[in-house]
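Here you go, one structure.
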Amino acid sequence: MTRSARIRRAALATGCVTALAATLFTAAGAYADPAPAAAPDIDVKAVKADLDQLQSIADANGGNRAHGKPGHKASIDFLKGKLDQAGFKTQVQEFDNNGATGYNLVADWPGGDESKTVMAGAHVDSVDAGPGINDNGSGSAGILEVALAVAKSELKPAKHLRFAWFGDEEDGMVGSQSYVQKLGADTKKIDAYLNFDMIGSPNPGYFVYDDDARLEKVFKDWFAAKNIATEKETEGDGRSDHASFKDAGVAVGGLFSGADYKKTEEQAKNWGGEAGKAFDACYHQSCDTSKNIDDKALDTNTDAIAAAIWQLSS
């Protein structure tokens, strides 16, 4: 056997082995794009600890966290501190309304395609009458813990992830309107805005925003897989921060557990709780404290938020 023949045969053998290996690895899925990682379970105890902190902030600042009051800015500072420590790029945006300064907190997770940004948002202000722990400490704490889970998981999403806490929603979505106006043409970069306003109501329902079919399906499928009935959200239409985004042409979705509408017999059959009573009898009242929360609803909805963030950003 000449040297050149040996080389040719060796090369042929090597090629066959390489082709076979490639076939085997492809069959095993080694070269296929990996499936998106499953979202982690969010510890409801951590969410409740955040709510306790928001309650303490209200207690120390006249009993509320309302626009223009020190409790609101203290709430922003609390959230920002946790997000900064977790590695988010944060910014506080100021706006003015009714002679007082309001604040939006925006937190970006590094990486991902910024031309396809997935946002989750909640308003952090309360009404003057009380601490606003369900409305809307629940949404604020829920997305905070999902954001912290993103950091802990070192998630590397294909799409850019942004979380936002808006001020002065209670006076007509003032903070979110200010934010969207500042975005201007960049609203086209928002692939989805998900809003979470009241997710721990004490006599809860499971309502899914129906503004965008794609986003509605993400949540409905998640709840259906857990045999939890859902209904289309109508009570909050045009009454929370998603309206600011929807009016600007952004696809919006979200979850809601009910406010002062009364639960029907059919809803009580599907979800438990008491028919004929409000989903949240303490809505906009001083009794909206850390005791005004259904742990199961808070836990379920926060896990649903995480699942949607993981899926939509992949």
Spacing of Ser240 atom OG and Phe245 atom CZ [to the nearest 0.5 Å]: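 Ser240 OG to Phe245 CZ: 10.5 Å, rounded to 0.5 Å.
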So, do Phe166 and Asp125 sit near enough that their side-chain heavy atoms are less than 4.5 Å apart? no
Classify the angle between the aromatic ring planes of Phe219 and Phe196 as parallel (below 30°), tilted (30 to 60°) or perpendicular (above 60°). perpendicular
Atom CG in Leu215, atom CG in Leu312: separation rounded to 0.5 Å? 6.0 Å
Under the side chain to side chain donor-acceptor pair (under 3.5 Å) definition, can you give me all pairs with a residue in residues 225-237, not counting sequence neighbours?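 Passing the test, one end in residues 225-237: Glu231-Gln267.
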Please name the residue in the list Phe256, Tyr261, Phe207 that meets the ring pair (Phe, Tyr, Trp, His ring centres under 6.0 Å) test with Phe279. Phe207
So, taking the atom named CG in Asn292 and the one named CD1 in Ile133, what distance separates them when rounded to the nearest 0.5 Å? 9.0 Å
If you apply the rule side chain to side chain contact (heavy atoms under 4.5 Å, CB included), what do you find for Val118 with Ile309, and how did you get there? CA-CA 8 Å; Val118 174; Ile309 290 295; 4.3 Å; yes
Name the one of Asp211, Asp212, Ile190, Asn195 that satisfies side-chain contact (heavy atoms from CB on, under 4.5 Å) with Val252?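 So the option named by the test is Asp211.
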How many angstroms lie between NE2 in His160 and CE in Met119, if you round to the nearest 0.5 Å? 9.5 Å
Rounded to the nearest 0.5 Å, what separation is found between the OG atom of Ser140 and the CG atom of Leu105?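 Here the interatomic distance stands at 9.5 Å.
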Does a side chain donor of either Asn203 or Lys263 reach within less than 3.5 Å of an acceptor in the other side chain? yes
Is a side-chain N or O of Asn301 found less than 3.5 angstrom from the main chain of Ile199, in a donor-acceptor match?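 Yes, the answer is positive, given that a donor and an acceptor are paired below the 3.5 Å cut-off.
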Would you mind reporting whether Asp171 and Asn97 have side-chain heavy atoms less than 4.5 Å apart?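 The answer is yes; the side chains approach within 4.5 Å.
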Should Leu144 and Val106 be regarded as members of a common hydrophobic cluster, given that ILVMFWY residues are connected when their side-chain heavy atoms come within less than 4.5 Å of each other, either directly or indirectly?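 As far as the 4.5 Å side-chain criterion goes, Val106 and Leu144 are not connected within one cluster.
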Nearest atoms (heavy-atom pairs only) where Asp128 meets Ala66: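 Shortest heavy-atom separation between Asp128 and Ala66 comes out as OD1-CB, 3.1 Å.
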So if you build clusters from Ile, Leu, Val, Met, Phe, Trp, Tyr with side-chain heavy-atom gaps below 4.5 Å, do Leu194 and Phe223 land together? yes
Could you give me the CA-CA distance, side-chain angles and deciding distance for Leu298 and Leu51, then say whether side chain to side chain contact (heavy atoms under 4.5 Å, CB included) is met? CA-CA 11 Å; Leu298 184 68; Leu51 294 180; 3.9 Å; yes
Evaluate the side-chain proximity of Ile42 to Val146: yes if any heavy-atom separation is below 4.5 Å, no if none is. yes
If the plane angle is over 60° it's perpendicular, under 30° parallel, otherwise tilted; pick one for His67 and Phe95.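 The rings of His67 and Phe95 lie parallel, inter-plane angle below 30°.
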Just wondering, do Asp168 and His72 contact through their side chains at under 4.5 Å, heavy atoms? no
Return the minimal non-hydrogen interatomic distance between Leu148 and Ala86, and the atom names on each side.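 Result for this residue pair: CD2-CB, 3.7 Å.
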How about His123 and Asp135: does a side-chain donor come under 3.5 Å of a side-chain acceptor?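 The answer is yes; a qualifying pair exists.
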Between Lys48 and Asp52 (salt bridge meaning N to carboxylate O under 4.0 Å), is one present in this structure? no
If I compare all heavy atoms of Ala147 with all of Leu83, which pair ends up nearest, and what's the gap?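 Smallest heavy-atom distance, with atoms named: CB-CD2, 3.9 Å.
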Can you label the angle between the His242 ring and the Tyr209 ring as parallel, tilted or perpendicular, going by 30° and 60°?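 Correct class here is tilted.
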Consider only side-chain heavy atoms of I, L, V, M, F, W and Y, link residues closer than 4.5 Å, and tell whether Val250 and Leu161 are in one cluster.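 No.
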Got a donor-acceptor contact below 3.5 angstrom from the Trp165 side chain to the Ser75 backbone? no
Leu255 side chain near Val208 side chain, heavy-atom distance below 4.5 Å: yes
Worked check of side chain to side chain contact (heavy atoms under 4.5 Å, CB included) between Thr117 and Asp191: CA-CA 5 Å; Thr117 295; Asp191 180 67; 5.9 Å; no
Taking atom NZ of Lys182 as the centre, report whether more than 12 heavy atoms of other residues, nucleotides or ligands fall under 6.0 Å from it.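 Yes, the 6.0 Å shell around NZ holds more than 12 heavy atoms from other groups.
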Would you call the rings of Tyr206 and Trp271 parallel, tilted or perpendicular, taking 30° and 60° as the class edges?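 The arrangement is perpendicular - the two ring planes meet at more than 60°.
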Among Asn136, Asp197, Val174, find the one that has a side-chain contact (heavy atoms from CB on, under 4.5 Å) with Glu169.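 Testing Glu169 for a side-chain contact (heavy atoms from CB on, under 4.5 Å) against Asn136, Asp197, Val174 leaves exactly one candidate, Asp197.
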Any non-hydrogen side-chain atom of Ser138 less than 4.5 Å from a side-chain atom of Ile293? yes
When you measure from the side chain of Asn134 to the backbone N and O of Gly200, does any donor-acceptor pair fall under 3.5 Å? yes
Looking at Lys159, I want to see if its NZ is surrounded by more than 12 non-hydrogen atoms of other residues, nucleotides or ligands under 6.0 Å.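 It does: Lys159 NZ has more than 12 such atoms within range.
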side-chain hydrogen bond (donor to acceptor under 3.5 Å, both in side chains) evaluation trace for Asn64 with Ser126: CA-CA 6 Å; Asn64 66 61; Ser126 74; 4.7 Å; no
For Ala297, does its backbone N or O pair with a side-chain atom of Thr300 as donor and acceptor, under 3.5 Å? no
Side chain proximity check, Thr187 to Val180, heavy atoms < 4.5 angstrom: yes
Please give me the minimum heavy-atom distance between Ala151 and Phe88, naming the atom from each residue.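 Shortest heavy-atom separation between Ala151 and Phe88 comes out as CB-CE1, 4.1 Å.
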According to a 4.5 Å side-chain heavy-atom criterion applied to Ile, Leu, Val, Met, Phe, Trp and Tyr, with indirect links allowed, do Phe78 and Val124 form part of one hydrophobic cluster? yes
If only atom types and distance count, is the side chain of Asp299 paired as donor or acceptor with the main-chain N or O of Asp295 below 3.5 Å? no
Measure across Gln177 and Gly172 and return the closest heavy-atom pair with its distance rounded to 0.1 Å.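 Minimum heavy-atom contact is NE2-O, 3.5 Å.
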Quick one: does Thr289's side chain have a donor or acceptor within less than 3.5 Å of a partner on Lys291's backbone? yes
Which pairs with one or both residues in residues 107-122 pass salt bridge (Lys or Arg N to Asp or Glu O under 4.0 Å), sequence neighbours excluded? Asp108-Arg162
Would you give the length of the straight line joining atom OG of Ser115 to atom NZ of Lys188, rounded to the nearest 0.5 angstrom? 13.0 Å
Hey, mind stepping through Val92 and Ile76 against side chain to side chain contact (heavy atoms under 4.5 Å, CB included) and telling me if it holds? CA-CA 8 Å; Val92 175; Ile76 292 286; 4.1 Å; yes
Is a side-chain N or O of Ser257 found less than 3.5 angstrom from the main chain of Met198, in a donor-acceptor match? yes
Do Arg65 side-chain atoms and Ile57 backbone N/O form a donor-acceptor pair below 3.5 Å? no
Tell me if a side-chain donor or acceptor on Trp222 pairs with a main-chain N or O of Ala308 at a distance below 3.5 Å. no
For Ala192 and Arg214, work out which heavy atoms get closest and say how close. CB-NH2, 4.1 Å
Under the ring-ring contact (aromatic ring centres under 6.0 Å, His included) criterion, do Tyr179 and Tyr193 qualify, and how do the steps go? CA-CA 13 Å; Tyr179 174 79; Tyr193 173 74; 8.5 Å; no
Donor-acceptor pair, Ser153 side chain versus Ala149 backbone, under 3.5 Å?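 Yes; judged by distance alone, with no hydrogens or angles, the pair exists.
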